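As a basis for the values below, the full set of heavy atoms in this structure was taken, side chains included, without hydrogen atoms, waters or symmetry mates. What you see is a predicted model; the values in this text were computed from it and never measured.
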Amino acid sequence: MYLWKLALAVLPSTFHTALSQHIVDLGGDGWTVSSKALNVSAPGRLPSQVHLDLYAANIIDDPYLGLNDFNLRWIANNNWTYISAPLKGLSGNATSSWLVFNGLDTFTTIEFCGQLIGTTDNQFRQYTFDISEALSSCQGDPTLEINFGSAPNIANAIANDPNSEKWPNGPQQIFELPNRWYIRKEQSDFGWDWGPAFAPAGPWQDAYLVQFEREESVYVLNTDMDIFRKGQINHLAPDQSQPWVVNASIDFLGALPAKSSMTIEVKDVETGKILRSGHLENVATGEQAITGSVTIDADAPNLWWPNGLGKQNLYYVTVAIQDSKNRELASVTKRSGFRTIFLNRLNITDDQLAQGIAPGANWHFEVNGKEFYAKGSNFIPPDAFWPRVTEAKMKRLFTAVKVGNQNMLRVWASGAYLPDFIYDIADEYGILLWSEFQFSDSLYPSDDKFLENVAAEVVYNVRRVNHHPSLALWAGGNEIESLELPTVQRAAPNRYSFYVGEYEKLFISLILPLVYENTRSISYMPSSTNNGYLWVNMSSPVPMAERYDNITSGEFYSDTDHYNYDSSVAFDYGSYPVGRFANEFGYHSMPSLQTWEQVVDKDELHFNSSTVMLRNHHYPPGGTDTHNYGNSSRGMGEMTTAVERYYPIPDKDDSVANFSAWCHATQMFQADMYKSQIQFYRRGSGMRERQLGALYWQLEDIWQAPTWAGIEYDGRWKILHYVARDVYQPVIVSPFWNYTTGDLSVYVTSDLWDTARGSVSFTWADLSGKPLPGNAGTPQTQHFTVGGLNTTKIYSTSISDLSLHDRNNAVLVLSLDARGSLPNTGGPPTTFTHRNQATTVFPNRLALVNPELQISHDEKTGTFTVEAKKGVSLYTWLDYPSGVVGYFDDNAFTLLPGEKKIVQFTVQKDETGGKWAKGVTVQSLWDQTTRDSVSHSP
């Protein structure tokens, strides 16, 4: 059974009905937010946060403008009070009344009708308070008052308490505001190297007043719905021949009558067909929870699959509670799916060794018993203020993920646990969400009060989202094991074993059993990057023995993360880590001019202006200093140096155009570096390391600034997202030029599950497009066969053996044509095409020729046709103006002279009335070299 004394609640269910209740939604207008110390008052909302309400009242500018992340620190440094309008229409016949808060950020004292009701100290929990007595003695219509304390001030006060835990210098990473690790608030609210430090406060999620009008009545707070194969254990591969078990556990307020029962109905969302209905078995009632289960035949449901691996089959699962007379007391409907998802960190088997896989341990995901290649990126908070994260914006973002050929996002620790509507979108789009508890880049307290708070947080969120088939994993935190423990080992070697014990106390002894007690379907690991485990024994005080550095040379155990800001080795394959899975890697770039213009004055639109520099939080100040020029200049310098090493240096007459060209150049470097690594990691699927995943850092922006993102704050794609989409296609051809040895090799890589066959054509040309004599000594065509989830080398040579008269004036274009079967389609083989290119010098040494690009727009079809008239067009880039959000179906591609390419633009949001199409332009690498503002428009 899945009962836990702390499992008290969560967001309202997807569909929820109940009898004998009076529910008042406290959301909407009618609130006032104020600070007595500042003599500031404004209309408020729920859900909301102080910054948003002050902005709506025109008391402050948009928090994202200019340097407001520094200028508005006075908001976070003060206390704020939300007061409701008098609450009308309350029941006079209630047997009891409750306040239900689904999210308060973060430190509050709550008063109802002038009486103290309770306090909160965790942004990630739901809180319930009995207000029956306060309401009965209230004169007139009551008001609700929520007093929010300053999180930075409270964190500092805890840190200064001599009884609080202290750590050596080093592991406690301060990005901007200090002491975040003492409090259970979104850690990135205190700043990160890609985002601001607003430290917002407010009622950030829904709230309700619930009244019961008879003794035996319940209000559903949370539903833990767990769907798994019979006998499934979190850390072991499930047996796919076993029947399904649906375990439903409902947390509630109120009181159940004796002999309560539960029923279930499982209905196909698409067809309406009933898969199973009837009473649940093994019904048990615990402290504020009732649980039951049912078994479904192994092959009865249609399975849910990730994007690209099959269909996202979904079911409505309705669970109801009845009394002894079969009267329905409450009903909950969740949309779910049948799938198993398993993180395999087991030791390499003899069969795997016989296949040529290196010894050690696995580190990959398996869905419905099948290995697959995890292609994706890392998801950070999409806004510093969660109440303005809309479903429409998230659908645009997840559309970009899906059409970008991604099937997994790592939901990074130290943001916030995602709301259900984002998991719902992921369920629909087939995007697996590797989810993490909110701990990152520091060590954390281990006192009983802190652990008890964390326990409630963990249970609350595990139960809340467990029904989503997109949920792929629970990880304890980010880089705790791979970065923080090694740092403390260097800083305080004599205390290292003590801090390992503290780490295990929180992430293994506390969190792991809570996960296992509330889900059988999801694997857990204590830290995002690790070498796996030696054994699991749930009877042990430390139930999972992490491997740490207990490894053997020549064997592979781990996933990897990789950041190297020495751009001189950016394209050196020997500098990339070799492991089983790459969960983080990247380099920062500038956003586009259109995005900068949203928040920066025109006179600040140059590369090293004060505003641009100080919005670059890489490297962070490590304190509250607003004049972080020293650290910011390092980050700006890394981007500048990378461009100068590899790309033509912009030098345009118009300063804004030059700034735009520099921004574009940093994006070219970023995209090329990620492409190099993704191709390298994907190639590893057929190497000894059997590498089965690449998740780059990061998917999207939290604001408009230099970051690692591939999608800018308003949804505009950087070059990176287009390039990642290209190399995340199912079958790709990849050239590997080793500039340190002069070797050139070409691989075909496939993440299909069955063999694919086809050919790759090799075309050498000079930069004017003229074919090189004898095709430079390479064959015109190479045929290939590549196994499922595998790679094959189709050609290799030394550059010195090629007949290249001038390496600066040569490009190799590779065109793949293959036939293979997409997983779970059941249809005929599919044709796959892919195009790639290689040069044997870096782009800044190429003898570029003006390709004389032409672009035209067909208003009937909405397509754009691009043609290179004179020369080879490298990095062919279509751009669109402000006022519209969308994406081209191809971009950043290569065109040979005479080639025409038809490109479609998908509009996701348009504020121009369709006029945007006239502002579409096209450029190439050659345009970066010109002094004037060259752009080609229809």
Side-chain angles (χ1 to χ4, degrees), residues 188 192 194-195 304-309 312 337 339 341 343 364-365 367 372-383 386 389 391 393-438 440 461 465 468-475 477-479 522-523 525 528-529 559 561 581-586 674 677-678 681-682 692-702 707-713 715 717-718 720-721 724-725 727-728 751 887:
S188 60
W192 221 264
W194 37 255
W304 184 95
W305 294 93
N307 181 35
L309 299 179
Q312 290 76 56
R339 62 89 184 91
I341 182 71
L343 174 59
H364 66 263
F365 289 89
V367 62
F372 67 98
Y373 200 93
K375 300 181 293 188
S377 51
N378 284 253
F379 182 98
I380 64 164
D383 202 292
W386 276 98
V389 176
E391 184 172 349
K393 182 174 181 178
M394 289 301 95
K395 282 190 173 181
R396 292 195 294 269
L397 181 64
F398 273 75
T399 296
V401 174
K402 181 171 184 175
V403 302
N405 296 311
Q406 301 190 23
N407 56 36
M408 179 177 286
L409 298 177
R410 174 175 166 245
V411 184
W412 171 81
S414 290
Y417 300 96
L418 297 188
D420 274 282
F421 77 83
I422 294 183
Y423 281 97
D424 284 334
I425 296 169
D427 293 343
E428 294 173 17
Y429 291 17
I431 309 302
L432 288 164
L433 299 178
W434 159 344
S435 301
E436 301 187 343
F437 297 107
Q438 304 307 314
S440 183
N461 285 286
V465 303
H468 292 285
S470 58
L471 178 64
L473 174 70
W474 279 113
N478 171 60
E479 297 178 332
I522 302 299
S523 303
M525 65 176 181
S528 60
T529 309
D559 60 335
D561 62 13
F581 193 108
N583 66 279
E584 276 194 56
F585 53 94
Y674 284 55
Q677 289 193 63
I678 291 171
Y681 298 135
R682 285 195 66 184
L692 290 178
L695 310 179
Y696 62 81
W697 187 271
Q698 64 203 62
L699 172 66
E700 90 289 18
D701 266 329
I702 194 173
T707 73
W708 292 252
I711 298 178
E712 297 171 12
Y713 175 69
W717 293 17
K718 287 183 179 178
L720 166 58
H721 198 75
R725 178 176 68 169
V727 293
Y728 275 154
D751 57 32
Y887 56 90

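Side-chain contact between Phe437 and Tyr417: present, with at least one pair of heavy atoms (C-beta onward) separated by less than 4.5 Å. Residues Leu432 and Phe372 form a side-chain contact, since some pair of their non-hydrogen atoms from C-beta on lies under 4.5 Å apart. Leu692 places none of its side-chain heavy atoms less than 4.5 Å from the side chain of Phe365. Residues Pro306 and Ile431 fail the side-chain proximity criterion, which asks for heavy atoms closer than 4.5 Å.
Separating the CD atom in Gln312 from the CG atom in Asp427 is a distance of 9.5 Å, to the nearest 0.5 Å. A distance of 13.0 Å separates CG of Asp559 from NE2 of His364, quoted to the nearest 0.5 Å. We find the NZ-CD1 distance between Lys375 and Ile678 to be 10.5 Å, quoted to the nearest 0.5 Å. Distance CE/Met408 to CG/Leu695: 6.5 Å, rounded to 0.5 Å. For the atom pair CG of Leu343 and CZ of Phe581, the computed distance is 8.5 Å after rounding to the nearest 0.5 Å.
Here the options are Gln677, Arg410, Gln406, the test is side chain to side chain donor-acceptor pair (under 3.5 Å), and the partner is Tyr696; only Gln406 passes. Residue Trp697 is tested with Thr707, Asn378, Asp561, Asn583 for a side-chain contact (heavy atoms from CB on, under 4.5 Å); the sole match is Asn378.
Side-chain atoms of Glu700 do not come within 3.5 Å of backbone N or O of Gln698 as any donor-acceptor pair. For Ser470 (side chain) and His468 (main-chain N/O), no donor-acceptor pair under 3.5 Å exists by modelled atom type. Formation of a donor-acceptor pair under 3.5 Å by the Arg339 side chain with backbone atoms of Trp304 is not found in this model. Asp701 contributes no side-chain N or O that, together with a main-chain N or O of Ala709, makes up a donor-acceptor pair within less than 3.5 Å. Within the 3.5 Å criterion, the main-chain N or O of Ser188 finds no donor-acceptor partner in the side chain of Ser414.
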key: Test side-chain contact (heavy atoms from CB on, under 4.5 Å) applied to Trp708 and Ile380, step by step   = CA-CA 11 Å; Trp708 292 252; Ile380 64 164; over 6 Å; no

query = Under the side-chain contact (heavy atoms from CB on, under 4.5 Å) criterion, do Phe398 and Ile422 qualify, and how do the steps go?
reply = CA-CA 9 Å; Phe398 273 75; Ile422 294 183; 3.8 Å; yes

key: Verdict with reasoning, Phe379 to Leu418, per side-chain contact (heavy atoms from CB on, under 4.5 Å)   = CA-CA 10 Å; Phe379 182 98; Leu418 297 188; 3.6 Å; yes

request  = Walk me through it: do Trp412 and Ser528 pass the test side-chain contact (heavy atoms from CB on, under 4.5 Å)?
outcome  = CA-CA 9 Å; Trp412 171 81; Ser528 60; over 6 Å; no

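The two residues Val389 and Met394 have their closest heavy-atom pair at CG1-CG, 3.8 Å. The nearest pair of heavy atoms linking Gly376 to Tyr728 is O-OH, 2.9 Å. The shortest heavy-atom contact between Asn407 and Ala374 is OD1-CA, 3.4 Å. Considering every non-hydrogen atom in both Ser435 and Leu471, the closest pair reads OG-CD1, 3.5 Å. Of all heavy-atom pairs between Ala400 and Ile711, the closest is CB-CD1, 3.6 Å. Nearest heavy-atom pair, Trp386 versus Pro419, reported as atom, atom and distance to 0.1 Å: CZ3-CD, 3.9 Å.
By the 6.0 Å and 45° rule, Lys393 stacks over the aromatic ring of Tyr713.
A search for ring pair (Phe, Tyr, Trp, His ring centres under 6.0 Å) contacts involving Tyr887 returns Trp717, not counting sequence neighbours.
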